[in-house]
Amino acid sequence: MTVYPLTGVVRDYAWGSHSVIAELQGRPAPTEAPEAELWLGAHPGSPSTVGGVTLDALIAAAPAEHLGERVVAAFGPRLPFLLKVLAAEAPLSLQAHPDLTYAREAFARQEADPALPRNYTDANHKPEMLVALTPFEALCGFRSPAAAADDIEALGVAALTPVAKSLRDGDLRTAVETLLSWPEGDRRALVEAVVASGASELASSLAKFYPADPGVLVALLLNHVRLEPGEAIWMPAGNLHAYLHGAGVELMAASDNVLRGGLTPKRVDVAELLKVLRFEVLDDPVLRPSEVAPGVRTWPVPISDFVLYRLDLDGTRPPVEIPAEGPRIILATAGDLFAGESIDGTPIELTRGSVAYAPAAAGRVKLAGTGQAFVAAVPA
């Protein structure tokens with residue numbers, strides 16, 4: 001097999017950008033509709049295409065050739081990861097994802113009982129990581145409860161005294177449940193009181209988008225992360241997080257299981273969210289790259305579904321080999337690169353925003369030229 005050009009699918013959620021993805025792909029900007037995500041993979045929700053055929057169909061027809069026997073044995077006849085370009089112009093929902101065991105159990109219960117809320121789209125987990133392409137802001141993981149209590153008390157809002165007490169007791173679960181279960185008729189007044197205090201710039205910023213959402217207060221319990229390009233955040237199962245603004249390359253297990261708690265007009269299920277959250281303090285949510293070969297960097301995460309590499313080529317070195325086998329998706333973000341060999345035996349040219357797919361049967365693949373590319377793969 002050879003290396004193929006891959007065409008992704010743009011998703012147009014309301015929080016997306018009118019320029020980032022279009023400019024990456026060399027299309028006119030601003031776009032009429034917001035473009036939030038570019039999906040690159042075989043997820044049935046929006047599978048990419050190779051020569052007009054969806055990638056999930058190609059893999060289903062010859063799983064061993066596309067995935068390799070090792071990946072098929074570990075994950076079945078499906079691509080275990082989904083690569084995205086994410087462009088957030090406005091905050092995304094406050095959310096978390098289940099672990100694999102719970103996702104399987106919850107999906108099975110849901111399929112057996114049509115009366116249950118449809119919280120799960122599949123039986124898979126959805127750990128994910130994001131590497132910033134631009135300066136990027138996010139909320140990721142719980143802060144120290146004592147530090148969060150200090151900020152809650154500084155608001156001077158008497159109604160929040162029980163929340164501050166829970167935090168002083170180290171009880172993150174009760175603090176989160178109290179806020180997300182706040183009586184609906186009182187939510188707007190609570191958020192207004194917090195904004196009026198002038199003590200939290202973050203809360204005031206979020207309230208412009210969600211003026212009656214208690215997620216504005218839950219945000220004060222989380223790490224406010226500011227990433228520089230090349231820095232990353234890791235969101236394992238049970239990690240409460242929300243993207244706020246910026247563009248990045250996101251890689252995750254191939255699932256769309258999202259449990260929302262706030263900062264969204266979409267349906268939330270607080271009770272189900274509380275079942276999957278891990279109420280653990282995350283001291284430093286930022287991942288920094290490590291170099292595994294000249295010009296090749298990665299962000300190690302403890303997961304077997306995926307690995308992400310960034311290759312930086314300056315044109316002065318020989319072609320650089322991608323340090324992975326199995327299925328690979330190659331996204332060019334700068335320059336003019338050449339990957340592997342196409343059907344006619346010539347390399348696939350990758351300019352900024354273009355994508356290639358290398359099946360397992362393509363063997364080792366090298367990149368040449370000058371530029372930058374991200375590669376999603378399955379760890380060895």
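Considering every non-hydrogen atom in both L277 and A96, the closest pair reads CD2-CB, 3.5 Å. When all heavy atoms of R317 and D312 are compared, the closest pair comes out as NH2-O, 3.3 Å. In plain terms, the two heavy atoms of V195 and A207 that are nearest each other are CG2-CB, 3.6 Å. For the residue pair L206 and A219, the shortest heavy atom distance occurs at CD1-CB, 3.5 Å. Of all heavy-atom pairs spanning L337 and A373, the tightest one is CD1-CB, 3.7 Å.
A salt bridge does not link E23 to R352: none of the charged side-chain nitrogens sits closer than 4.0 Å to a carboxylate oxygen.
Between F306 and W234, the ring-plane angle classifies as perpendicular under the 30° and 60° cut-offs.
Between L155 and L220 the shortest side-chain heavy-atom distance falls below 4.5 Å. Inter-residue side-chain proximity for S17 and E89 is flagged as met; some heavy-atom pair is nearer than 4.5 Å. Using a 4.5 Å cut-off on side-chain heavy atoms (C-beta onward), R143 and D151 make contact. R328 has its side chain within reach of V365: a pair of non-hydrogen atoms, C-beta onward, lies under 4.5 Å apart. Under the 4.5 Å side-chain criterion, counting only non-hydrogen atoms from C-beta, P327 is in contact with V378. The side-chain heavy atoms of H66 and L58, taken from C-beta on, include a pair separated by under 4.5 Å. In this structure, the side chains of V355 and L83 stay at 4.5 Å or more apart for every pair of heavy atoms. The shortest distance between side-chain heavy atoms of D305 and F81 does not fall below 4.5 Å.
Of the N and O atoms on the side chains of H18 and E35, not one donor lies less than 3.5 Å from an acceptor on the other residue. The closest side-chain donor-acceptor pair between D336 and T351, if any, does not fall under 3.5 angstrom. Under 3.5 Å, the side chains of D122 and N257 contain a donor-acceptor pair of N or O atoms. Judged by distance alone, the side chains of S46 and R11 do bring a donor and an acceptor atom under 3.5 Å apart. Between the side chains of R267 and N119, at least one donor-acceptor pair of N or O atoms lies under 3.5 Å. Using modelled atom types and a 3.5 Å distance limit, the side chains of H97 and E128 yield a donor-acceptor pair.
Identified under the salt bridge (charged side-chain N to carboxylate O under 4.0 Å, His left out) test for residues 224-249, with sequence neighbours left out: E231-R288. Residue pairs meeting the side chain to side chain donor-acceptor pair (under 3.5 Å) criterion with at least one member in residues 176-198, sequence neighbours excluded, do not occur. Residue pairs satisfying the salt bridge (charged side-chain N to carboxylate O under 4.0 Å, His left out) criterion with at least one member in residues 353-362, sequence neighbours excluded, are absent. Residues in residues 270-280 take part in these salt bridge (charged side-chain N to carboxylate O under 4.0 Å, His left out) pairs, two or more places apart or across chains: D99-R278, E272-K275.
Residue F136 is found in a hydrophobic cluster whose other members, listed by chain and number, are Y13, W15, W39, L82, L86, L92, L130, V225, L227, I233, M235, Y243, M252, V286; membership requires side-chain heavy atoms under 4.5 Å apart, directly or through intermediates. Other residues sharing a hydrophobic cluster with L282 under the 4.5 Å side-chain heavy-atom criterion for ILVMFWY residues do not exist; the residue is a singleton.
Placement of V9 and I21 in two distinct hydrophobic clusters is found when ILVMFWY residues are connected by side-chain heavy-atom separations under 4.5 Å, directly or transitively. Tracing side-chain contacts under 4.5 Å through hydrophobic residues (I, L, V, M, F, W, Y), one reaches L311 starting from V3; they form part of the same cluster. Hydrophobic clustering (side-chain heavy atoms under 4.5 Å, transitive across Ile, Leu, Val, Met, Phe, Trp, Tyr) groups L55 together with V72. The same ILVMFWY cluster, assembled from side-chain heavy atoms under 4.5 Å apart, contains both L172 and L139. Put simply, L202 and V218 are part of the same group of oily side chains (I, L, V, M, F, W, Y) that touch within less than 4.5 Å, one to the next.
Residues passing the side-chain hydrogen bond (donor to acceptor under 3.5 Å, both in side chains) test with T31, sequence neighbours excluded: none. Remark: Q110 pairs with no residue by the side-chain hydrogen bond (donor to acceptor under 3.5 Å, both in side chains) rule, at least two apart or across chains. With sequence neighbours excluded, no residue forms a salt bridge (Lys or Arg N to Asp or Glu O under 4.0 Å) with K208. For the salt bridge (Lys or Arg N to Asp or Glu O under 4.0 Å) test, residues two or more places apart in sequence or in another chain that qualify with E37 are K84. Residues that satisfy the ring pair (Phe, Tyr, Trp, His ring centres under 6.0 Å) test with Y120, not counting sequence neighbours, are absent from this structure.
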I would like to know whether T2 and Y4 meet side chain to side chain contact (heavy atoms under 4.5 Å, CB included); could you show each step before the answer?
CA-CA 6 Å; T2 56; Y4 303 93; 3.4 Å; yes

With a cut-off of 3.5 Å and sequence neighbours excluded, list every side-chain donor-acceptor pair involving residues 318-325.
{"unit_1": "E325", "atom_1": "OE2", "unit_2": "R364", "atom_2": "NE", "d": "3.2"}

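Checked by atom type and distance alone, the side chain of T134 pairs as donor or acceptor with a backbone atom of A247 at under 3.5 Å.
The OG atom of S93 sits 10.0 Å away from the CG atom of L259 when rounded to the nearest 0.5 Å.
At most 12 non-hydrogen atoms from other residues, nucleotides or ligands lie less than 6.0 angstrom from CD of E69. Around CZ of R104, the count of heavy atoms belonging to other residues, nucleotides or ligands within 6.0 Å does not exceed 12.
For the pair R173 and F142, the cation does not sit on the ring face, since its NZ or CZ is not both under 6.0 Å from the ring centre and inside 45° of the axis.
Taking the six-membered ring for Trp and the full ring otherwise, H125 and Y102 have centroids separated by 6.0 Å or more.
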